[in-house]
Amino acid sequence: MLYKVTSPMLEQEIVVEAQNSTQAKRKACRLWGVSPSDEWHGISTMQARKLTEKERQEELRKWGIEDASI
């Protein structure tokens, strides 16, 4: 599943593949170089939501993938 993770504190957002929102937040932390337990920038300050089917298709097109089972 694809999740959009946003960090108001870092003013960034990213789309990652994850099994749940917590895993998505942890992956975003790893990519941004932030400790997940950081009280100012870690997972407690982030939001993650699963992309809708339409958003998922649009995102995959951006990545150059037309039809995938992600």
Side-chain angles (χ1 to χ4, degrees):
M1 292 176 270
L2 293 179
Y3 285 83
K4 179 181 268 187
V5 180
T6 57
S7 174
M9 299 300 286
L10 297 174
E11 297 179 352
Q12 293 188 16
E13 68 179 33
I14 192 169
V15 174
V16 296
E17 182 182 3
Q19 293 181 358
N20 55 50
S21 61
T22 303
Q23 184 183 43
K25 292 177 188 179
R26 289 186 181 279
K27 284 185 174 188
C29 284
R30 194 174 311 123
L31 292 169
W32 291 331
V34 175
S35 171
S37 62
D38 185 305
E39 64 183 75
W40 293 103
H41 300 103
I43 62 174
S44 63
T45 65
M46 297 179 182
Q47 292 99 29
R49 70 171 183 84
K50 191 179 346 177
L51 296 182
T52 64
E53 185 59 30
K54 183 178 178 182
E55 291 172 324
R56 186 180 83 78
Q57 290 299 329
E58 290 173 9
E59 191 65 32
L60 291 176
R61 265 189 227 105
K62 287 181 194 175
W63 295 355
I65 304 170
E66 288 301 319
D67 186 33
S69 61
I70 296 176

Polar contact flag, side-chain donor to acceptor under 3.5 angstrom, T6-Q47: yes

Separation between OG of S21 and CD1 of I43, rounded to the nearest 0.5 Å: 9.0 Å

ILVMFWY network linking L60 to V16, side-chain heavy atoms under 4.5 angstrom: no

W40: hydrophobic cluster co-members (side-chain, 4.5 Å): M9

Nearest-0.5 Å distance, CG of residue L51 to CE of residue M1: 11.5 Å

CD on E53 to CG on L2, rounded to 0.5 Å: 9.5 Å

Atom CD of E11: over 12 foreign heavy atoms under 6.0 Å: no

Single-linkage hydrophobic cluster I14~V34, side-chain heavy atoms < 4.5 angstrom: yes

Approximate separation, where rounding is to 0.5 Å, of W32 CH2 and H41 NE2: 11.0 Å

All salt bridge (Lys or Arg N to Asp or Glu O under 4.0 Å) counterparts of E55, not counting sequence neighbours: R49

Carboxylate-amine/guanidinium proximity below 4.0 Å for E59 and R56: no

Heavy-atom closest contact (Y3 atom, A24 atom, distance): CB-CB, 3.7 Å

Over all atoms of both residues, closest heavy-atom pair of M46 and C29: CE-SG, 3.4 Å

Residue list, side chain to side chain donor-acceptor pair (under 3.5 Å) with S44, at least two apart or on another chain: none

Euclidean distance, L31 CG relative to R26 CZ, rounded to 0.5 Å: 14.0 Å

Nearest-0.5 Å distance, CD of residue Q57 to OG1 of residue T52: 10.0 Å

Path from I65 to V15 over hydrophobic side-chain contacts below 4.5 Å: yes

Non-hydrogen side-chain atoms of E13 and V5 separated by less than 4.5 Å: no

